Amino acid sequence: MQLEQKNVLLGISGGIAAYKTPDLVRKLVAAGAKVRVVMTDSAKEFVSPLALQAVSGNKISNSLLDEDAEAAMGHIELARWADIFLIAPATANVMAKLSHGLADDLLTTLALATPAPIVIAPAMNQQMWAAPATSDNINILNQRGVNFIGPASGEQACGDVGYGRMVEPEEIVSALGEHISHAAKDLQLFAGKNIMITAGPTREALDPVRYITNHSSGKMGYAIAEAAEEMGATVTLVSGPVNISAGANIRCKQVISAQNMLEAVMSDIATQDIFIACAAVADFRLAEVPTHKVKKKDETLTLSFEQNPDILKTVAALKNKPFTLGFAAETNDVEAYARSKLSRKNLDMIAANDVSSSELGFNSDRNALTVITKNSKTELAPASKKVLAQQLLTLLHSEYTATQQ
Ligand code: C5P
């Protein structure tokens with residue numbers, strides 16, 4: 001999920017929708033986020049700090065003048081800790097203060113002190129939402145890049161009907177995930193970097209009209225290429241025969257066999273910073289491909305195969321090798337096989353997926369990965385291949401940066 005390992009600072013202001021925030025925190029934590037909560041004084045009238053402490057697993061911050069809280073994590077430290085600052089519910093009053101840069105309590109002070117993107121889920125009476133002062137404040141905040149989730153329309157606590165209801169926790173969590181992945185793109189983590197990706201199956205000829213291949217659809221490799229390009233990389237995609245096409249800004253080299261793929265990779269590898277081997281390369285090819293179509297003259301047919309080159313291993317053995325990420329598609333003992341591949345092929349990182357499930361992996365639009373390096377293991381839960389590609393590249397980026405120091 002996009003929120004995996006993300007530090008979410010949740011600011012709660014004093015609206016009736018605050019009673020939904022323990023559920024919101026629970027859902028953020030379930031999505032893999034680390035959550036710290038800051039409340040205004042009036043929020044404490046609607047929801048118990050103790051309940052929020054229990055679900056977030058962290059002490060609640062409320063006042064700039066609280067010595068205990070400041071000793072545990074000072075407000076500037078808290079502002080820096082956040083990957084994203086979510087204010088939910090955000091009252092008309094808090095939005096007015098934010099739009100004018102007031103900092104008369106901990107929540108509004110943090111909004112000024114944090115470099116993290118701010119996302120607001122407003123909650124107020126429909127008339128207050130429609131008030132010209134609120135509209136002006138929304139415009140100012142929008143222009144500053146603050147993002148809004150909702151409000152939703154419907155029946156309100158006061159009996160009115162209209163816009164102003166806080167969006168339900170589940171929707172806030174998924175919208176926040178979207179904001180985080182947009183932020184990853186905005187960061188352009190791979191600006192100035194060359195990334196080469198292999199994708200799809202290879203096709204090995206049996207004679208001039210027949211071949212053997214496998215079920216790889218190329219979707220994962222293409223999703224990685226697209227995500228890498230969006231994150232600023234110059235992408236070269238070396239692709240076996242698939243039914244999908246690459247984006248306009250991706251340089252795509254089409255190949256057929258494993259031998260073709262090796263040649264296409266090696267001719268450009270010297271300029272690459274990162275090599276990602278996502279292709280399902282055939283391990284064997286026919287020792288000698290007949291020049292004419294094989295005839296059906298005998299009851300049985302015996303073919304003799306020889307091993308194909310291991311493209312990934314060849315790249316990882318180069319003297320000036322790029323950072324290498326390999327894939328391990330396994331049906332059993334996924335982690336153990338991935339670890340042995342990591343060391344046997346001298347890789348920097350390996351992404352293992354269990355292809356025994358028909359819901360995930362080969363040909364599916366979704367996947368789940370276990371990403372392993374020499375010193376770490378991260379589980380990326382089932383998600384669309386595009387979301388997984390973004391998460392995988394974010395992990396790869398921190399590992400890659402560490403190897404460059
Ligand atoms: O050894 P195995 O085929 O399971 O390794 C999988 C990884 O190695 C994948 O990243 C795949 O793209 C790469 N590979 C390769 N050339 C081969 C076989 C696999 O690049 N001939």
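Start at 1 and go down the list; that is how both ligands and their atoms are numbered. Given the structure is predicted, the values throughout are model-derived calculations rather than measurements. The basis for the numbers below is simple: all heavy atoms, side chains too, and nothing from hydrogens, waters or symmetry mates.
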Candidate list I276, V235, I269, T271, test side-chain contact (heavy atoms from CB on, under 4.5 Å), partner M196, passing option: I269
Min N/O separation K345 to ligand 1 under 3.5 Å: yes
Under-4.0 Å heavy-atom contact with ligand 1, by part of N308 that carries it: neither
F148, CZ: over 12 other non-hydrogen atoms inside 6.0 angstrom: yes
For atom 16 (N) of ligand 1, the protein heavy atom that lies nearest, with its residue and separation: I311 N, 3.0 Å
Residue, atom name and distance, where the atom is the protein heavy atom closest to atom 20 (O) of ligand 1: L312 N, 2.9 Å
Side chains of P322 and V315 in contact at under 4.5 Å (non-hydrogen atoms): yes
Donor-acceptor side-chain pairing of S267 and K253 below 3.5 angstrom: yes
Test log, rule side chain to side chain donor-acceptor pair (under 3.5 Å), inputs D105 and T108: CA-CA 6 Å; D105 61 11; T108 48; 2.5 Å; yes
SB check D83 K34 (cutoff 4.0 Å): no
Polar proximity ligand 1 side, V281 side, N/O cut 3.5 Å exclusive: no
Side chain, backbone, both or neither: the part of P309 lying under 4.0 Å from ligand 1 by heavy atom: backbone
Heavy atom of the protein closest to atom 7 (C) of ligand 1 (residue, atom name, distance): F327 O, 3.0 Å
Sub-4.0 Å atoms of ligand 1 with respect to non-hydrogen atoms of G326: 10 (O)
Closest protein heavy atom to atom 4 (O) of ligand 1, given as residue, atom name and distance to 0.1 Å: K341 NZ, 2.4 Å
NZ/NE/NH1/NH2 to OD/OE distance under 4.0 Å, R210 and D207: yes
For A279, the ligand 1 atoms whose distance to one of its heavy atoms is below 4.0 Å: 11 (C), 12 (O)
A277-ligand 1 polar pair, N/O distance under 3.5 Å: yes
N/O separation below 3.5 Å, A328 to ligand 1: no
Side chain to side chain donor-acceptor pair (under 3.5 Å) evaluation trace for Y211 with S257: CA-CA 10 Å; Y211 56 81; S257 67; over 6 Å; no
